[in-house]
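We number each residue from 1, following the sequence as shown. Keep in mind that what you see is a predicted model, and the values were worked out from it rather than measured.
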Amino acid sequence: MTDAELIAWSAQDPEIFSAIIDRHARRVHRRLARRLGVPAADELVAETFLAAFRLRHRFDITQADARPWLDGLATELANQYRAAGRN
């Protein structure tokens, strides 16, 4: 299944969203760790996927791959983290 299909199905069965986490968490973590370090990445990867889960109704299901969307969420959280002086 594509990311879009999984996200769409997660509206009926929220547990399906865990497949998105399984597919992308390591990559999102690596990206955040390069920007902010491992401790911050550990925190923000969880926040990224929580935000993605909460906002999954906004995901454009015409896009098969969730990577750009997840990267955008992670970047926004990283920017907020830095602006708050947490890094």
Visitor: Partners of R23 by side-chain hydrogen bond (donor to acceptor under 3.5 Å, both in side chains), sequence neighbours excluded?
Guide: D3

Visitor: By salt bridge (charged side-chain N to carboxylate O under 4.0 Å, His left out), which residues pair with R26, not counting sequence neighbours?
Guide: none

Visitor: Would you compute the distance between atom CD1 of I20 and atom CD1 of I7 and round it to the nearest 0.5 angstrom?
Guide: 4.5 Å

Visitor: Testing the basics here: between I16 and W9, what is the closest heavy-atom pair and its distance to 0.1 Å?
Guide: CD1-CB, 3.9 Å

Visitor: Apply salt bridge (charged side-chain N to carboxylate O under 4.0 Å, His left out) to D42 and list each qualifying residue two or more places apart in sequence or on a separate chain.
Guide: none

Visitor: How would you list, by chain and number, every residue that makes a side-chain hydrogen bond (donor to acceptor under 3.5 Å, both in side chains) with E76, sequence neighbours excluded?
Guide: Q80

Visitor: Nearest heavy-atom pair of E5 and T2: which atoms, and what distance?
Guide: OE1-N, 2.8 Å

Visitor: With sequence neighbours excluded, what pairs up with F17 under the ring pair (Phe, Tyr, Trp, His ring centres under 6.0 Å) test?
Guide: F53

Visitor: Quick check on side-chain contact (heavy atoms from CB on, under 4.5 Å): which of H29, R27, R31, H24 does V45 satisfy it with?
Guide: H29

Visitor: Sequence neighbours left out, what passes side-chain contact (heavy atoms from CB on, under 4.5 Å) with L50? Give chain and number order.
Guide: R54

Visitor: Would you please name every residue forming a side-chain hydrogen bond (donor to acceptor under 3.5 Å, both in side chains) with D60, sequence neighbours left out?
Guide: T62

Visitor: Write down the atom of A41, the atom of A33, and the distance for their closest heavy-atom approach.
Guide: CB-N, 3.5 Å

Visitor: What is the minimum heavy-atom distance between L44 and A78, and which atoms define it?
Guide: CD1-CA, 4.0 Å

Visitor: Measuring from atom CG of L32 to atom OG1 of T48, what distance do you get when rounded to the nearest 0.5 angstrom?
Guide: 5.5 Å

Visitor: Can you confirm whether more than 12 heavy atoms, excluding those of L55, are under 6.0 Å from its CG atom?
Guide: yes

Visitor: Restricting to non-hydrogen atoms, name the atom on A8 and the atom on I61 that form the minimum distance, rounded to 0.1 Å.
Guide: CB-CG2, 4.3 Å

Visitor: Of all the heavy-atom pairs spanning L6 and A19, show the shortest one and how long it is.
Guide: CD1-CB, 3.7 Å

Visitor: My understanding is that only residues two or more places apart in sequence, or in another chain, count here; which of them pass side-chain hydrogen bond (donor to acceptor under 3.5 Å, both in side chains) with R30?
Guide: none

Visitor: Enumerate the side chain to side chain donor-acceptor pair (under 3.5 Å) contacts for residues 10-21, please, sequence neighbours excluded, ordered by first and then second residue.
Guide: S10-R56

Visitor: Are the side chains of F49 and L70 in touch, meaning some heavy atoms are under 4.5 Å apart?
Guide: yes

